[in-house]
Number of protein chains: 2
Amino acid sequence: MVKNLPVTVSNEAGWRCHGNLWSNLREICELLHIPAPACSGEEEALFQHVRFKAGQRVHTIGQDFDSLYIVNSGFLKTVLIDEYGNEQVLSFPMKGDLLGIDGIHNQHHASEAVALSDCDIILLPYKTFAAMGRTYPELENAMYGVMSRELVREQSMIGMLSALSAEAKVARFLTSLGESFSQLGYSGKCFNLRMTRHEIGSYLGLTLETVSRTLSAFNEMGFISVDQREICLLDTNALKTLRRLPPAKARSKVTEKVTEKVSVLVGKKLLPQWSNETVVAA
Amino acid sequence: MVKNLPVTVSNEAGWRCHGNLWSNLREICELLHIPAPACSGEEEALFQHVRFKAGQRVHTIGQDFDSLYIVNSGFLKTVLIDEYGNEQVLSFPMKGDLLGIDGIHNQHHASEAVALSDCDIILLPYKTFAAMGRTYPELENAMYGVMSRELVREQSMIGMLSALSAEAKVARFLTSLGESFSQLGYSGKCFNLRMTRHEIGSYLGLTLETVSRTLSAFNEMGFISVDQREICLLDTNALKTLRRLPPAKARSKVTEKVTEKVSVLVGKKLLPQWSNETVVAA
DNA sequence: CGAGAGGTTGAATCGGATCAAATCAAGTGG
DNA sequence: CCACTTGATTTGATCCGATTCAACCTCTCG
């Protein structure tokens with residue numbers, strides 16, 4: 001296994017910066033939260049870091065696929081572009097996330113990854129990635145695991161998009177963002193949104209106005225404090241349990257009356273009361 | 001590589017039927033539409049078929065993961081269950097689809113697969129699956145490819161859920177179902193829906209009433225003919241191009257006036273006119 | 001300072017959900 | 001065979017949450 005030579009990431013000129021750092025396999029495994037294989041000693045592969053400035057694209061739709069990317073630092077968004085040129089935000093990757101999996105399928109990227117802040121990205125050439133699985137069988141399982149995790153994440157995204165109200169979507173977005181931050185060692189309570197209201201709205205299937213209004217409402221209710229992109233979660237429990245009553249179609253008879261009561265508590269006026277697990281369970 | 005012994009698929013008793021067929025690697029690759037590796041001769045693995053009757057579960061949420069499943073025949077749905085017990089339909093797998101990938105992540109299934117008709121499913125033990133990648137390196141790439149394909153499918157599902165109108169969702173559902181059927185050699189024009197309106201609604205993020213109403217409207221407009229679950233697509237082009245105007249937020253200036261005009265054509269009353277590519281491009 | 005992007009807020013509208021009722025298909029048991 | 005049940009579907013009337021449209025505000029940066 002040899003050191004990967006610097007490769008040109010894209011044919012687009014001018015926006016590409018070469019980094020000067022290299023990571024070994026152990027560092028990469030740490031980043032991805034997977035167990036590092038028993039080290040085979042010295043002849044280790046090294047993986048190149050590449051830096052992207054805010055606004056730059058790590059990969060674009062249709063671009064030839066030959067490498068995966070691991071976020072070492074910084075914040076990004078991945079987007080789909082529809083037939084009208086509208087962006088559909090799919091995720092907001094940050095440190096430890098794996099990018100570019102969608103390109104494996106037909107050797108072309110199906111989505112676009114854009115840096116929302118200056119980013120340090122580790123290049124993981126696909127050939128090397130595949131070879132690693134064969135060289136370190138323990139790793140192979142972990143790699144399938146990382147892809148599986150992505151799949152599960154998107155599944156729950158689908159569930160959220162089609163089942164939750166606007167308030168619940170925004171609330172979940174905030175709490176899960178907070179959890180991500182605290183897992184990275186930052187404060188899970190107070191953090192800075194790296195994305196615009198528009199991007200949040202696209203991600204959640206809402207308009208930017210609805211996002212803004214909902215944040216204001218949460219602020220007024222004391223769930224959070226907002227100052228532009230500076231957010232503090234004051235009542236994460238309230239946010240986590242805030243819901244609307246589920247579509248009646250599939251509601252089980254047992255919860256029928258209970259959820260009706262909940263609907264009053266979590267009514268449209270966003271009263272200071274809200275549903276939570278214990279109420280539902282009662 | 002030895003013949004896989006019959007394994008108990010679930011701890012739930014009574015719903016499990018043993019099949020008596022076995023498939024080899026080549027048959028499985030054909031089914032998954034991936035190139036079969038150069039055969040290594042006789043000492044081939046054989047994979048057990050299991051039959052499920054309509055309504056039976058192939059795997060349930062939380063169940064220990066140890067096997068993937070390939071659909072050989074029949075129709076299924078995969079669902080998520082939320083905290084209220086509501087089903088969220090994620091997909092309608094059919095012949096050639098791979099099930100259970102979501103279980104790799106943490107060794108437990110995150111979703112549930114339910115047979116909508118009698119099904120013949122091939123058991124693909126995960127250990128064997130992983131070993132195959134190492135034994136046949138050409139296969140490994142294809143396996144990552146299959147998982148990547150799933151991911152891309154779910155991404156476009158997310159885009160569809162948050163960007164399209166009810167009519168467009170139902171229209172796309174019908175056309176893509178038709179395409180799946182014709183790829184399997186069945187008629188892509190006339191087919192039988194294996195799922196209820198409720199399940200379609202859950203899949204598309206709509207209520208069953210909206211699905212029913214939309215089908216009726218399409219029927220009235222001559223796009224399709226409906227008789228219960230018997231559907232015939234009469235004007236697939238109309239269905240494919242039927243849209244609503246995209247959220248104004250991200251609309252580019254060039255298409256602004258054009259899409260406004262389109263909005264009139266595809267207005268809420270479902271007039272006999274509708275948008276299509278040529279109109280938009282004009 | 002002015003321009004422009006991002007953000008907030010209000011008022012009106014509309015699309016899809018909800019509620020309700022009738023119809024239809026398929027059993028089930030007397 | 002018919003009365004009765006049960007689940008799926010259709011259709012109508014109404015309601016409400018989120019979008020849309022619009023005005024205004026607030027930063028930042030040249």
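Lettering of chains follows the sequences in order, A, B, ..., and the numbering in each one begins at 1.
With sequence neighbours excluded, no residue satisfies salt bridge (charged side-chain N to carboxylate O under 4.0 Å, His left out) with A/Glu209. Residues satisfying the ring pair (Phe, Tyr, Trp, His ring centres under 6.0 Å) criterion with B/Phe75, sequence neighbours excluded, are B/Phe181.
A side-chain donor-acceptor contact under 3.5 Å links B/Ser216 to the backbone of B/Ser212. Proximity of a side-chain donor or acceptor of B/His59 to a complementary backbone N or O of B/Ala110 within less than 3.5 Å is not detected.
What separates CG of A/Leu193 from P of C/dG6 is a distance of 15 Å, to the nearest Å. As a whole-Å value, the separation of B/Glu87 CD from D/dA8 P is 11 Å. Taking atom CG of residue A/Leu161 and atom P of nucleotide D/dA18, one finds them 13 Å apart after rounding to whole Å. Spacing between atom CG of A/Leu206 and atom C1' of C/dG16 amounts to 15 Å, rounded to whole angstrom units. When the C1' atom of D/dT19 is taken as reference, atom CG of B/Leu164 falls 16 Å away, rounded to whole Å. A/Ile200 has its CD1 atom 12 Å from the C1' atom of C/dG6, to the nearest Å.
Screening residues 71-81 of chain B for side chain to side chain donor-acceptor pair (under 3.5 Å) gives B/Asn72-B/Asp120, B/Lys77-B/Glu87, B/Lys77-B/Glu199, B/Thr78-B/Ser91 as the qualifying pairs, with residues at least two apart or on separate chains. Counting only residues at least two apart or in different chains, side chain to side chain donor-acceptor pair (under 3.5 Å) contacts with residues 168-186 of chain A comprise A/Arg172-B/Glu83.
For the helix from C/dC1-D/dG30 to C/dG30-D/dC1, the axis fitted to the five pairs at one end and the axis fitted to the five pairs at the other end meet at an angle of 30° (nearest 10 degrees).
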All N/O pairs under 3.5 Å across the protein-nucleotides 7-12 of chain C interface:
from: C/dG7; atom 1: OP1; to: A/Arg229; atom 2: NE; distance (Å): 2.8
from: C/dG7; atom 1: OP1; to: A/Arg229; atom 2: NH2; distance (Å): 3.3
from: C/dG7; atom 1: OP2; to: A/Arg197; atom 2: N; distance (Å): 2.9
from: C/dT8; atom 1: OP1; to: A/Arg197; atom 2: NH2; distance (Å): 3.1
from: C/dT8; atom 1: OP2; to: A/Arg197; atom 2: NE; distance (Å): 2.7
from: C/dT8; atom 1: OP2; to: A/Arg197; atom 2: NH2; distance (Å): 3.3
from: C/dT8; atom 1: OP2; to: A/Ser212; atom 2: OG; distance (Å): 2.9
from: C/dT8; atom 1: O5'; to: A/Ser212; atom 2: OG; distance (Å): 3.3
from: C/dT9; atom 1: OP2; to: A/Ser216; atom 2: OG; distance (Å): 2.6
from: C/dG10; atom 1: N7; to: A/Arg213; atom 2: NH1; distance (Å): 2.9
from: C/dG10; atom 1: O6; to: A/Arg213; atom 2: NH2; distance (Å): 3.2

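The heavy-atom pair separating A/Ile61 from A/Ser111 by the smallest distance is CG1-C, 3.5 Å.
To the nearest 0.5 Å, atom CZ of residue A/Arg197 and atom OG1 of residue A/Thr207 are 12.5 Å apart.
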